[in-house]
Amino acid sequence: MDCHLDPEELEFWESQKRCGEEIDLKLARDLPDDTPDFILKMMGDFEEDAAEFCFSGAEGLVLDAGCGNGNLLLRALKNKKIPAKPEKRALQVIGMDFSANMLCRAALRAKGNDRTGFLQGSVTDLPFQDQSFDRVISSGVLTCLPNTGAAARALQEFYRVLKPEGVLVVDFFSRTSHYTLIRKHLFRETIKPPEYVSPSEFNRALEDAGFSVLACRGFDFKPCQGYLFLNPWRRVIDPGYFQEKLSRYLERKVLPRQPGLNLLGYRIYVKCIKK
Ligand SMILES: C[S@@+](CC[C@H](N)C(=O)[O-])C[C@H]1O[C@@H](n2cnc3c(N)ncnc32)[C@H](O)[C@@H]1O
């Protein structure tokens, strides 16, 4: 197998067999079966905001590279806040994923929507001709790749298939967020690229691939995230609920006025343009 592909990663996505809208949300966000309702609600809200950031202003042909079960593209196509302006070309979205299983789920959920199409392929070797797309979106995919070489290769492929001045939206987990630092120093977890990179490293990788950054959007300002799933008291009083409210408050009320704070998020989406 190509050294840019991770067989275990593929096996994980291929083996997901459960169905249903709630399951699709849990699956895309890697949540356990007994996830509390407020976390599901906040993940749903996150997907709405992420879809809006990724797709806002999009027109013409868009590639969702590593579309998974189609959560983001389906939300974007339903979202009335991402209007198809009359002067713009109609939006068409191609969903692509290397897992046939995830792709089938996406295609099934998009059934009847004539603005979507689906194709199997890898982000490290895109099955499209040069300069085919107006925009490429790739959410939660570079973070799954086996090494930094594969991530660099994917960025080169995104560059290749974008039209001149095409837009790329792509995300990473910040190695310098307080939450990552807690995981690294307190929980002794391995925090390494391509999953975790610093904002400046990610910026450099984008520039090396030929992009310049237009904007970024940070998510997840919680001090403690997933570890609260382990809290046996959470059915009585869940501190996660309060930190969740705080994080959402920062994302929705403070960040629009202080864009520089986006870089303090745990998960950061970056919008950039092909130079
Ligand atoms: C965390 S999910 C994200 C799904 C979706 N983009 C979202 O944000 O909801 C990661 C997806 O990337 C896909 N993936 C991982 N490596 C890939 C590769 N090399 N090429 C294409 N897809 C890949 C997986 O099959 C999975 O569907």
Side-chain angles (χ1 to χ4, degrees), residues 1-19 21-32 40 42-55 58 62-79 93-110 116 118-128 135-158 160-161 168-173 194-196 217 219-220 226 266-271:
M1 192 182 238
D2 179 345
C3 65
H4 289 136
L5 291 180
D6 184 342
E8 278 175 29
E9 178 73 21
L10 181 58
E11 169 57 29
F12 171 82
W13 296 105
E14 291 294 50
S15 64
Q16 305 299 322
K17 297 292 178 227
R18 295 166 306 157
C19 290
E21 286 300 306
E22 197 181 88
I23 294 291
D24 275 308
L25 176 62
K26 287 180 184 166
L27 181 55
R29 304 293 146 221
D30 198 15
L31 296 168
L40 288 178
M42 106 40 198
M43 282 297 174
D45 289 350
F46 155 74
E47 283 194 350
E48 281 302 316
D49 290 357
E52 203 177 323
F53 182 77
C54 291
F55 284 83
V62 174
L63 171 66
D64 186 343
C67 63
N69 51 23
N71 277 2
L72 287 196
L73 73 90
L74 291 172
R75 281 186 192 273
L77 290 172
K78 272 191 222 139
N79 190 341
V93 185
I94 304 289
M96 190 213 76
D97 203 283
F98 78 164
S99 155
N101 179 34
M102 298 308 278
L103 211 54
C104 282
R105 297 171 87 109
L108 207 64
R109 294 169 79 208
T116 56
F118 296 91
L119 191 81
Q120 192 174 9
S122 170
V123 290
T124 54
D125 189 14
L126 292 174
F128 304 104
R135 181 176 294 214
V136 172
I137 289 157
S138 193
S139 157
V141 185
L142 293 192
T143 54
C144 295
L145 296 181
N147 50 52
T148 46
R153 168 90 187 139
L155 291 178
Q156 285 165 4
E157 280 292 89
F158 297 155
R160 181 181 69 74
V161 301
L168 169 70
V169 189
V170 64
D171 66 327
F172 67 100
F173 293 110
E195 187 173 12
Y196 294 99
R217 176 85 156 87
F219 292 96
D220 245 344
Y266 167 61
R267 181 172 196 159
I268 302 174
Y269 282 79
V270 184
K271 190 175 280 183

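Each ligand, and each atom within it, is numbered from 1 in the order the structure gives.
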Chemist: Just heavy atoms, cut-off under 4.0 Å: does F98 contact ligand 1 by side chain, backbone, both, or neither?
Modeler: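 Both backbone and side chain.
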Chemist: Closer than 4.0 Å to some heavy atom of G121 - which atoms of ligand 1 meet that?
Modeler: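 So the atoms of ligand 1 that pass are 20 (N), 21 (C).
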Chemist: If the condition is side chain to side chain donor-acceptor pair (under 3.5 Å), which residues does S139 pass it with, not counting sequence neighbours?
Modeler: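 Side chain to side chain donor-acceptor pair (under 3.5 Å) check on S139 returns Y269.
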Chemist: Measure from the side-chain N and O atoms of R267 to the backbone N and O of D171, and report whether any donor-acceptor pair falls under 3.5 Å.
Modeler: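 Flag not set: sc R267 to bb D171 has no pair under 3.5 Å.
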Chemist: Measure the distances from the heavy atoms of V141 to every atom of ligand 1 and state whether one is below 4.0 angstrom.
Modeler: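 Per 4.0 Å heavy-atom rule, V141 contacts ligand 1.
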Chemist: Heavy atoms only: give me the nearest G95-L73 pair and the separation to one decimal.
Modeler: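 Where G95 meets L73 most closely, the heavy atoms are CA-CD2, 4.1 Å.
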Chemist: Could you tell me whether some N/O pair between N69 and ligand 1 is separated by less than 3.5 angstrom?
Modeler: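 No - when backbone and side-chain N and O of N69 are compared with those of ligand 1, no distance drops under 3.5 Å.
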Chemist: If hydrogens are left out, which of G66, G70, G68 has an atom nearest to atom 6 (N) of ligand 1, that is, the closest non-hydrogen atom?
Modeler: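 Shortest heavy-atom distance from atom 6 (N) of ligand 1: G66.
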Chemist: Please report which non-hydrogen protein atom sits nearest to atom 9 (O) of ligand 1, along with the residue it belongs to and the distance in Å to one decimal place.
Modeler: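 Result for atom 9 (O) of ligand 1: R29 NH2, 2.8 Å.
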Chemist: Quick check: does E9 get an N/O under 3.5 Å from an N/O on ligand 1?
Modeler: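 No - when backbone and side-chain N and O of E9 are compared with those of ligand 1, no distance drops under 3.5 Å.
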Chemist: Ignoring hydrogens and geometry, is there a side-chain-to-backbone donor-acceptor pair from D97 to G68 under 3.5 Å?
Modeler: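 Yes: the side chain of D97 pairs with the backbone of G68.
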Chemist: Using heavy atoms and a 4.0 Å limit, tell me yes or no: is L145 in contact with ligand 1?
Modeler: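 Heavy atoms of L145 do come under 4.0 Å of ligand 1.
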Chemist: Taking 4.0 angstrom as the limit and counting only heavy atoms of S99, give me the atoms of ligand 1 inside it, by number and element.
Modeler: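 Those qualifying, in numeric order: 25 (O).
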Chemist: Hey, is C67 touching ligand 1 through its side chain, its backbone, both or neither, going by heavy atoms under 4.0 Å?
Modeler: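 Looking at C67 and ligand 1, just backbone atoms fall under 4.0 Å.
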Chemist: In terms of residue, atom name and distance, what is the protein heavy atom nearest to atom 27 (O) of ligand 1?
Modeler: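 Answer, as residue, atom name and distance: D97 OD2, 2.8 Å.
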Chemist: What heavy-atom pair brings L72 and F55 nearest, and what distance separates the two atoms?
Modeler: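 Nearest pair, atom of L72 first, then F55: O-CE1, 4.0 Å.
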Chemist: Is the backbone of L126 close enough, under 3.5 Å, to the side chain of R160 for a donor and an acceptor to pair up by distance?
Modeler: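 Yes, R160 side chain to L126 backbone: donor-acceptor pair under 3.5 Å.
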Chemist: So, taking the atom named CZ in R135 and the one named CG in L168, what distance separates them when rounded to the nearest 0.5 Å?
Modeler: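 If we round to the nearest 0.5 Å, R135:CZ and L168:CG are 9.5 Å apart.
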Chemist: Starting from atom 20 (N) of ligand 1, which protein heavy atom do you reach first, and at what distance in Å?
Modeler: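 Looking at atom 20 (N) of ligand 1, the protein heavy atom closest to it is V123 N, 3.0 Å.
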Chemist: Which residue and non-hydrogen atom of the protein lie closest to atom 3 (C) of ligand 1, and at what distance in Å?
Modeler: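 Here the closest protein heavy atom is S139 O, 3.4 Å.
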Chemist: Return the option from S122, G140, A154 holding the heavy atom at the smallest distance from atom 19 (N) of ligand 1.
Modeler: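 Going through S122, G140, A154 one by one, S122 has the nearest heavy atom to atom 19 (N) of ligand 1.
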Chemist: To the nearest 0.5 Å, how far apart are CG in L142 and CZ in R153?
Modeler: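 It comes to 13.5 Å.
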Chemist: Which of the atoms of ligand 1 are close to M102, meaning less than 4.0 Å from one of its heavy atoms?
Modeler: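 Per the distance check, 27 (O).
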Chemist: Kindly assign one of parallel, tilted or perpendicular to the pair Y196 and Y266, based on the angle between their ring planes and the thresholds 30° and 60°.
Modeler: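 Y196 vs Y266 ring planes: tilted.
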Chemist: Report the part of D6 in contact with ligand 1, treating N, CA, C, O as backbone and CB onward as side chain, heavy atoms under 4.0 Å; options are side chain, backbone, both, neither.
Modeler: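 Neither part.
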Chemist: Just to verify, which of V136, V62, L63 counts as forming a side-chain contact (heavy atoms from CB on, under 4.5 Å) with I94?
Modeler: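 It is L63, the one option of V136, V62, L63 that forms the side-chain contact (heavy atoms from CB on, under 4.5 Å) with I94.
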